[in-house]
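Note that this is a predicted model, so its numbers are computed, not measured. These numbers come from the heavy atoms of this one structure, side chains and all, not from hydrogens, waters or symmetry mates. Just so it is clear: chains get the letters A, B, ... in the order the sequence lines come, proteins before strands, and each one is counted from 1.
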2 protein chains.
Amino acid sequence: MNSIAKILSHAEASCQTNGARLTDKRKRVLTGLLKSQKAQSAYDLIDYMRKEFDEALQPTTTYRILDFLASENLVHKLHLANKYVACSHISCGHAHEVPQFLICDECSNVKEIGIKKSLINTLTRNVEEAGYVLQSPQLELHCLCQDCASKAV
Amino acid sequence: MNSIAKILSHAEASCQTNGARLTDKRKRVLTGLLKSQKAQSAYDLIDYMRKEFDEALQPTTTYRILDFLASENLVHKLHLANKYVACSHISCGHAHEVPQFLICDECSNVKEIGIKKSLINTLTRNVEEAGYVLQSPQLELHCLCQDCASKAV
DNA sequence: CAATATATGATACGTTATATCATTTCTATT
DNA sequence: AATAGAAATGATATAACGTATCATATATTG
Ligand SMILES: [Zn+2]
Ligand SMILES: [Zn+2]
Ligand SMILES: [Zn+2]
Ligand SMILES: [Zn+2]
């Protein structure tokens, strides 16, 4: 079983646990995002799906499916870049932690890393001191990836 | 001298130091953002300026002016919310630090606080461990403000 | 004043996202 | 299997966000 098939079967199991339906269409969109190996805007993804899989998606459908996949933690929405990226940890088994995204400003490469507990604590404390309540500690950071950083020298 | 006039004179001085021109139009846009007391999208601001000051702004002009004000650190762009907010520290005198924004998901209220050095260090270390280079440590966090949090109980 | 740089006006267009209503597919119950 | 209700998808239109381009006006400098 290749890697994508394995991820899909994990995704399917995870949805089943939550009483959610990973339909064929949703599965194909997820597969597209996985194969593309990068963050894509909804419209990027529409183009990609048409070119690579000859599948016509409308904006409405695409956003709906991406929202669904995000609600199942199979896909993450990067608010900073207006893009969507497949979760890097679908087949890990463990519960999904709060993600932290490193977004390359040059090439849109995205790395998903876990946030350290201590950092979340510090953040939460900062926010509380300011009288606010933290809703989601998901972080998105403007970065350069290794490749682009080395080129930029 | 009322508070806004005071802020504007600081802003003017700051621009002069940088060899930048705070034109009348730019000053009026900054005044609008200051008076509105909250984060606004470019189009929100266009509406606001028309209603409150009977000033017609085109999108192009508005974005240009907002970009200018942001480059002078008089206004900050919130990438997460696609909104702009007047800097809270224009008349502080001290050099502008890397800001951290607490954005109320309910009412769009924004609080600007400084990032603690230790937090920046931790972030930078995390990013380096992942092989990336941090471009800007500006943080934008989904929160609830005090008012909205108390209502939500 | 003339030459240059900076700022603004005006029009069009491209991208991103949602609203709305119709149709199809799935699920559960009889 | 038939039916009814829920969930998913299709289709069309439109709203919201942002930029490209070229023309005009204003400020700065020599
Ligand atoms: Zn993930
Ligand atoms: Zn890169
Ligand atoms: Zn500021
Ligand atoms: Zn609020």
Side-chain angles (χ1 to χ4, degrees), chain A residues 11-12 15-33 38-50 53-72 74-85 103 105 108 140, chain B residues 11-12 15-33 39-51 53-72 74-85 103 105 108 140:
Chain A
E12 201 145 35
C15 282
Q16 210 146 25
T17 303
N18 300 342
R21 300 204 298 242
L22 188 60
T23 63
D24 286 353
K25 189 149 219 154
R26 287 166 173 172
K27 208 183 290 183
R28 291 198 297 276
V29 169
L30 178 57
T31 304
L33 257 190
K38 58 177 184 176
Q40 301 204 59
S41 76
Y43 283 82
D44 290 344
L45 186 58
I46 288 172
D47 290 347
Y48 181 85
M49 294 300 289
R50 188 169 35 68
F53 301 98
D54 201 37
E55 168 140 20
L57 291 174
Q58 293 174 324
T60 317
T61 307
T62 309
Y63 280 103
R64 276 195 291 225
I65 290 182
L66 288 169
D67 283 350
F68 167 83
L69 293 171
S71 75
E72 293 295 318
L74 300 170
V75 156
H76 299 296
K77 171 164 191 172
L78 304 175
H79 297 84
L80 215 45
N82 284 323
K83 289 183 179 174
Y84 297 82
V85 64
I103 305 170
D105 287 339
S108 288
E140 304 176 25
Chain B
E12 201 145 34
C15 283
Q16 209 146 23
T17 303
N18 300 342
R21 301 205 297 244
L22 188 61
T23 63
D24 286 353
K25 188 150 219 154
R26 287 167 173 171
K27 208 183 291 184
R28 289 198 298 275
V29 169
L30 177 57
T31 304
L33 258 190
Q40 301 205 58
S41 77
Y43 283 82
D44 289 345
L45 187 58
I46 288 172
D47 289 347
Y48 182 86
M49 294 300 289
R50 188 170 34 68
K51 278 184 198 149
F53 301 97
D54 200 36
E55 168 139 20
L57 291 174
Q58 291 173 327
T60 317
T61 308
T62 309
Y63 281 104
R64 275 195 292 228
I65 290 182
L66 287 170
D67 283 350
F68 168 84
L69 293 173
S71 74
E72 293 295 319
L74 299 170
V75 157
H76 299 297
K77 171 166 190 171
L78 304 176
H79 297 85
L80 267 193
N82 285 324
K83 290 183 179 176
Y84 298 82
V85 64
I103 306 170
D105 287 340
S108 289
E140 305 175 24

Quiz prompt | Stepwise side-chain contact (heavy atoms from CB on, under 4.5 Å) check, Tyr48(A) with Gln40(A) | solution = CA-CA 9 Å; Tyr48(A) 181 85; Gln40(A) 301 204 59; 3.8 Å; yes

Practice problem: Begin from the C-alpha positions of Leu33(B) and Tyr84(B) and carry the test side-chain contact (heavy atoms from CB on, under 4.5 Å) through to its verdict. | Solution: CA-CA 8 Å; Leu33(B) 258 190; Tyr84(B) 298 82; 4.3 Å; yes

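Nearest to the side-chain atoms of Tyr63(B) among the listed nucleotides dT8(C), dT19(D), dA10(C) stands dT19(D). Comparing dA17(C), dT9(D), dA11(D) by their closest approach to the side chain of Ile65(A) singles out dT9(D). Comparing dA20(D), dG10(D), dG9(C) by their nearest atom to the side chain of Thr60(B) picks out dA20(D).
Between the CG atom of Leu57(B) and the C1' atom of dT19(D) there is a distance of 17 Å, rounded to whole Å. The distance between atom CG of Leu30(B) and atom P of dA7(C), rounded to the nearest whole Å, is 16 Å. Distance, Lys27(A) NZ to dT25(C) C1': 16 Å, rounded to whole Å. To the nearest angstrom, C1' of dA19(C) lies 14 Å from CG of Asp67(A). Summarising the geometry, the separation between CD on Gln40(A) and P on dT16(C) is reported as 12 Å, rounded to the nearest angstrom. Atom CZ of Arg28(B) is separated from atom C1' of dA7(C) by 13 Å (rounded to the nearest Å). For the pair Leu45(B) CG and dA16(D) C1', the interatomic distance rounds to 15 Å; values are reported in whole Å. Atoms CD1 (Ile46(A)) and P (dT9(D)) sit 15 Å apart, rounded to a whole Å.
Residues Asp67(B) and Arg64(B) are not paired through a salt bridge, judged by the lack of any N-O separation under 4.0 Å between the basic side chain and the carboxylate.
Interatomic distance, OG of Ser41(A) versus CG of Leu66(A), reported as 9.5 Å (0.5 Å rounding).
Taking only side-chain nitrogens and oxygens, Arg21(B) never comes nearer than 4.0 Å to OP1 or OP2 of dT6(C). Residue Lys25(B) has a polar side-chain atom (N or O) positioned under 4.0 Å from OP1 or OP2 of dG9(C). Considering only side-chain N and O atoms, Thr23(B) lies under 4.0 angstrom from the phosphate OP1 or OP2 of dT8(C). Contact annotation: Asn82(A) side-chain N/O to dA17(C) OP1/OP2 distance is under 4.0 Å. Between Arg64(B) and dT6(C), a side-chain N or O to OP1/OP2 separation shorter than 4.0 Å is absent.
In this structure, Gln58(A) and Phe68(A) both approach DNA chain D, and ranking their closest nucleotides by distance from the 5' end singles out Phe68(A).
Here Tyr43(B) packs flat against the base of dC17(D); its ring centre is closer than 5.5 angstrom to the base's six-membered ring, tilted by less than 30 degrees.
Relative to the ring axis of Phe68(B), Arg26(B) places its NZ or CZ within 45° and under 6.0 Å from the centre.
Heavy atoms of Ser41(B) sit under 4.0 angstrom from primed sugar atoms or phosphate atoms, though from no base atom.
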